[in-house]
Each structure stands twice: as structure tokens, then as C-alpha cells.
Number of protein chains: 2
Amino acid sequence: MKVKNIKNNFRSDCPISSALDLFGDKWSLLIIRDLVYFGERTFKDFSGAAEKISSARLSDRLCKLEALKLLNKLNHPTNKKVFLYSLTPKGMDLFPVIAEYVKWSNRYLNEHIAEPAKQFAKNLEADREGTLNQFMKQ
Amino acid sequence: MKVKNIKNNFRSDCPISSALDLFGDKWSLLIIRDLVYFGERTFKDFSGAAEKISSARLSDRLCKLEALKLLNKLNHPTNKKVFLYSLTPKGMDLFPVIAEYVKWSNRYLNEHIAEPAKQFAKNLEADREGTLNQFMKQ
DNA sequence: ATATTTGCTTTCAAATCGAAAGTAATATTA
DNA sequence: TAATATTACTTTCGATTTGAAAGCAAATAT
């Protein structure tokens, strides 16, 4: 796949619009989410997530996120055709963004969201620092 | 404009994907951003932002965000053809999400972003609670 | 040796997008 | 008060992005 120069194509010098230019689509943060939660994932693992990303889109997003150095792609230790994706520190630093989405959704989409997420949101509200650190130190 | 039932069309019961389903496009958070910063904006004001949203897209997004009750649309006190958009508490509660994007971009896109945003990020890093409260109490 | 699995790529119709022009109602200017 | 300008949109249309499905090659499992 060709990943054309994603940077140097920003709409403005605003940090918010620039972040959205890089990973402000409907899939990138869900890939990051899976990696925060599971640590490592394969192509097939990502494909299995509830949102049902198509393989074309998944392939495209993994390439872009790797090009942005938000994730690492490593060989599986025993299976040559499988790759293991994981977060770089740069990618892991998106976790606080994700956490704020969780808090907002817990407040305003509460009846719609899954029970474990509600608990996570509750922990975040009670002790943000601690809950984030729990995930972010490795 | 017709705003078709935006809810009941979620990809999953995940709070992150659900939030992205509602306003995970490249423009919605920038509209919220302008309203956090300026309090009130007109259609023309939004059009003037550096990212140069097209009028068709702006019209569409304002409708959707109003339908989601993230913003209010009020008549201008003296000019009948102008409307004043502002944030509801539900919309204002997206500010912490925005703030985390700012922090991330300040870390990883630092040389690209504008100086005032860098200062804001610095304040956030030094005193998150205080900096957020400064904006969020009206 | 054959079948299956994995991580993709290709194809294609449909949805979404940006750019530009158009419109209708109001407000300003001459 | 008649002409001009402004505002908040809507319309149109070609280009880009998307999702769904099928295809594929290499590696693994049977």
C-alpha cells in the first residue's frame, strides 16, 4: 500500500484539527482502543471486533497508524504469516483522549453502552490519574 | 435539511465507537472548539475559521449537532437573519476530549502548532483541573 | 498432498465530500 | 426608496472515501 505524505497536509496549525487530520476517522481510535485493552493484536483479532471493520479498511488504517509511528508491527514468534501489532508510547499517549470519550458516553449514552465500560468510566470519574496509570505503565 | 435518526444506528455498544458514530468526523469537534473558545458564533463566524469548511458541510454539521442537543441555536437580538450558536452543557462536556487532543498534539506535533495552543497545553499539563474549570464554568 | 488459515489486495457500487454557484430573506447604502 | 450587499443557507456535480464481497499467495495444519 502507498501511504502518501500524511503530514504537511494539515488544514491549519490548530492542534485539534491537526490531530483529526491524522486519526480523526471512525476506525483509528478503535484500533488504538483494542491495543490499549489487549496489549497485542493480530489482523484477525482486529477483524473480530464488534464494529466489523472491513479488511480493506483495516489494512489501510494499520498502515497509516504504523507510518505515524503510533504502532509497532512485529513478527509472531512461531507463525511466519502472522503479525503482532502493539502501541508505541506515542500511540499509548492517545489513551487519555479515549478515556474522555468513555466518560462522555457514560454520561450521555449511558443506557446504550456495555456494562464493563460503565464500570471503567466510574473508575475514571473516581480516580482519573490512578485509572489511567493502571493501563499506561506498560 | 433532513437529519435521519442518528442514534439507533450504532456500530456497537462500545462508548468510544458510539461517540465516534455521533461526532467522529473531521468537522464536529472544530465547531465545538470554536464555541468553547468564543462562547457564541454565527454561521459566518464558523465559515471564517482557518480550516475553511464548506457551507454545505457546515450547514449539515450544525443541524446534526443541534439535533444531538450539543448546541443551541438562538435568534440574534437585533438582526433577524442571523443565528447565534452556543454550547449546551452536553456539548461543553466534550471540552475535556478536546483538551486531551491538544495535549497530545503539543507533545507530538509541537513544531507544527500555533503558539497560543502551546501555552494552553502547558497550562493543561501544569494544572488540568484548574485550566478546564476556567472554561467550563460558563 | 490437500485443505485451511492468515493477511492482505482488488473490485465496484454507494455514500460522503469539497468547491462553486444559486437563492431567498433581510439589512444597508445611495 | 430603489439598488446593493449580506447572511444563512441549498443545490449541483465531479472527486474521494467507504463497505461488502471476492480473490490471492504464502504459510500452516491435517
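Values below: all heavy atoms of this structure, side chains included; hydrogens, waters and symmetry mates excluded. The model shown is predicted, which means the values in this text are computed figures rather than measured ones. To find a chain, count down the sequence lines: A is the first, B the second, and so on, and within it residues start at 1.
The distance between atom CZ of A/Phe46 and atom P of D/dG19, rounded to the nearest whole Å, is 17 Å. One atom, CH2 of B/Trp27, and another, C1' of C/dG18, lie 9 Å apart when rounded to the nearest Å. B/Phe43 has its CZ atom 18 Å from the P atom of C/dT26, to the nearest Å. Atom CD1 of A/Ile53 and atom C1' of D/dT17 are 13 Å apart (whole Å). Between the NZ atom of B/Lys26 and the P atom of C/dA15 there is a distance of 21 Å, rounded to whole Å. Atom CZ of B/Phe83 and atom C1' of D/dT6 are 14 Å apart (whole Å). At whole-Å resolution of the value, CG in A/Asp21 and C1' in C/dC17 are 14 Å apart. In this structure, B/Leu58 atom CG and C/dC17 atom P are separated by 13 Å, rounded to whole Å.
At a cut-off of 3.5 Å, with distance as the only test, a side-chain donor of A/Asp45 or A/Thr42 sits close to an acceptor on the other residue. Side-chain atoms of A/Ser105 and B/Ser18 include no donor-acceptor pair closer than 3.5 Å.
Within the structure, every side-chain polar atom (N or O) of A/Arg61 is placed at least 4.0 Å from both OP1 and OP2 of D/dG19. When the side-chain nitrogen and oxygen atoms of A/Ser59 are compared with OP1 and OP2 of C/dT9, one or more of them lie within a distance under 4.0 Å. Remark: B/Lys64 is not in phosphate contact with C/dT16, judged by side-chain N or O atoms under 4.0 Å from OP1 or OP2.
Applying the side-chain contact (heavy atoms from CB on, under 4.5 Å) rule to A/Phe83 yields the partners A/Lys73, A/Asn75, A/Tyr85; only residues at least two apart in sequence or on another chain are considered.
A salt bridge is defined here as a Lys NZ or Arg NE, NH1 or NH2 lying under 4.0 Å from an Asp or Glu carboxylate O, and A/Arg128 with B/Glu129 fails to meet this definition.
Aromatic pair A/Phe95/B/Trp104: centroids not less than 6.0 angstrom apart.
For B/Lys80, the NZ atom is loosely surrounded, since the number of other residues' heavy atoms within 6.0 Å does not exceed 12.
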**Item:** Per-nucleotide protein contact string for nucleotides 20-30 of chain D (B base, S sugar-phosphate only, - none; heavy atom under 4.0 Å)
**Value:** BBB----BS--
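The salt bridge (charged side-chain N to carboxylate O under 4.0 Å, His left out) test with B/Glu51 singles out one residue from B/Arg33, B/Lys26, B/Arg57, and that residue is B/Arg33.
No contact: A/Ser47 has no heavy atom under 4.0 Å from any strand.
Judged by closest nucleotide on DNA chain C, A/Leu62 is the one of A/Leu62 and A/Arg11 placed further toward the 5' end.
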